[in-house]
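Heads up: the structure comes next, in structure tokens.
If you're wondering where the values come from, they're calculated on a predicted model, not measured in any experiment.
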Amino acid sequence: MKDADGRIRSWTLELSRPRFTPPPGAVDAHCHVFGPQAEFPFSAKAKYLPQDAGPDALFALRRHLGFSRNVIVQASCHGTDNRATLHAIAVSEGTCRGVAVVDPAISDDELDALHSGGIRGVRFNFLKRLVDDAPKDKFLDVARRIQRLGWHVVVYFEADILDEMRPFLDAIPVPVVIDHMGRPDVRQGPDGADMTAFRALLDSRDDIWTKVTCPDRLDPAGPPYADFVRAVRPLVEAYPDRVLWGTDWPHPNMETVLPDDGALVDVIPEIAATAELQRKLLVDNPMRLYWPEEV
Ligand SMILES: O=C(O)/C=C(\CC(=O)C(=O)O)C(=O)O
């Protein structure tokens, strides 16, 4: 949905209430904030121009869905200016942490300031439709420099470049989190080429985590996202200590079909069938990565 200024609303205003109740302390470990633009302008290089989706709306959604904390991932529309993300963390009273996108020329002092502001990782985005360039050598330098802070890196890429990503991923000296499982074609099923290649990556080192997120992006059939569930449930069962879950609200770029976050929450018990798997996915794992001092 675009407004008169061409700004996209990618989230629904007709949210259902999920049937699934998340365990106490559940973390939505992948979401974003947009603006507000008047305070935190979008990047001149932004590939999409969203309507404002600030912390108040995020916290209302969180209450509605029964979650307690958020990990806010800097979205490409804000470029390397992390102020909107930092602002949302600052007003969250300790219930949010974040992942930044940084200019590789960032100073150590600026990294320290991000850490004080609640940032615990940096994101490297390889989607050509979202960013102009993704310099692997400079990203590796950043990855080495954040090691002293105890951070991890979040990497976003699509399945067709997994092979060429391998040497880069292998060289990252800190824990790695892969967004949306590297966007496999879930219609291939759990033993299809994409999932098999992705599991080989997870097997290559024990500090690669993944977000079992975005049925709305990966399964065009829509709720109840049967292909997504069939492909992803075995992954959650095989790597229960290295999976994270998030809404992806406000669903950047989802212009035609606006996902119902209530329906997304109802996918959780389908991919994590037991209370123990649900607790690991929604509480233990994100707490270990983002609030280790409380674990
Ligand atoms: O938010 C996501 O996970 C996915 C995005 C947007 C994004 O990553 C960004 O703008 O930085 C996408 O596929 O368009």
Side-chain angles (χ1 to χ4, degrees), residues 11 15 17-18 20-33 53-75 85-100 115 117-123 150-154 156 175-181 207-216 232 235-236 239-251 259 261-295:
W11 59 98
L15 206 57
R17 192 164 292 281
F20 174 68
T21 305
V27 182
D28 174 352
H30 184 92
C31 55
H32 314 276
V33 287
D56 290 347
L58 177 65
F59 300 154
L61 175 87
R62 176 169 93 184
R63 282 192 296 277
H64 177 89
L65 298 177
F67 281 73
S68 304
R69 303 185 192 219
N70 296 89
V71 178
I72 302 174
V73 177
Q74 170 81 354
T85 297
L86 290 168
H87 168 254
I89 297 170
V91 298
S92 78
E93 300 177 343
T95 65
C96 290
R97 289 244 154 112
V99 174
H115 190 86
I119 298 296
R120 292 296 178 268
V122 289
R123 189 184 202 209
W151 291 9
H152 59 276
V153 304
V154 173
Y156 190 24
V176 178
V177 178
I178 309 289
D179 274 344
H180 321 326
M181 301 163 288
D207 62 348
I208 299 196
W209 304 48
T210 192
K211 296 178 191 162
V212 288
T213 34
C214 284
D216 47 305
V232 173
L235 198 75
V236 174
Y239 306 91
D241 298 313
R242 296 197 258 153
V243 284
L244 302 168
W245 187 89
T247 53
D248 189 38
W249 187 90
H251 312 290
D261 299 276
L264 296 179
V265 168
D266 280 332
V267 174
I268 295 171
E270 304 302 322
I271 57 169
T274 68
E276 186 188 1
L277 285 174
Q278 291 160 11
R279 199 197 63 240
K280 287 181 176 210
L281 177 65
L282 300 175
V283 186
D284 299 353
N285 298 347
M287 289 300 289
R288 260 182 21 249
L289 208 51
Y290 291 98
W291 284 270
E293 72 280 10
E294 289 187 38
V295 175

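The closest side-chain heavy-atom distance from Thr210 to Tyr239 is not below 4.5 Å. By the 4.5 Å heavy-atom criterion applied to side chains, Thr85 and Ile119 are counted as neighbours. When side chains are defined from C-beta on, Lys280 counts as touching Asp241, because their heavy atoms get closer than 4.5 Å. Between Asp179 and Thr213, the closest side-chain pair of non-hydrogen atoms is not below 4.5 Å. Side-chain contact between Val71 and Lys211 is absent, with no heavy atoms from C-beta onward closer than 4.5 Å. Val73 is not listed as a side-chain neighbour of Cys31, based on a closest heavy-atom distance of 4.5 Å or more.
Sequence neighbours left out, the pairs with a member in residues 274-295 that pass ring-ring contact (aromatic ring centres under 6.0 Å, His included) are His152-Tyr290.
Taking the side-chain hydrogen bond (donor to acceptor under 3.5 Å, both in side chains) definition, one finds that Arg279 meets it with Asp284, sequence neighbours left out. Every ring-ring contact (aromatic ring centres under 6.0 Å, His included) that Tyr156 has, sequence neighbours left out, goes to His180. Residues that satisfy the salt bridge (Lys or Arg N to Asp or Glu O under 4.0 Å) test with Arg242, not counting sequence neighbours, are absent from this structure. The salt bridge (Lys or Arg N to Asp or Glu O under 4.0 Å) search around Arg120 returns none, not counting sequence neighbours. In this structure Arg62 satisfies the side-chain hydrogen bond (donor to acceptor under 3.5 Å, both in side chains) test together with Asn70, Thr95, sequence neighbours excluded.
Phe67 pairs in a ring pair (Phe, Tyr, Trp, His ring centres under 6.0 Å) with only one of the listed residues (Trp245, Phe59, Phe20), which is Trp245.
Closest approach of Pro18 and Val265 over heavy atoms only: CB-CG1, 3.6 Å.
No hydrogens or angles considered: a donor-acceptor pair under 3.5 Å links the side chains of Thr247 and Asp28.
With salt bridges taken as basic N to acidic carboxylate O contacts below 4.0 Å, one links Arg97 and Glu293.
In this structure, Met287 CE and Leu282 CG are separated by 12.5 Å, a value rounded to the nearest 0.5 Å.
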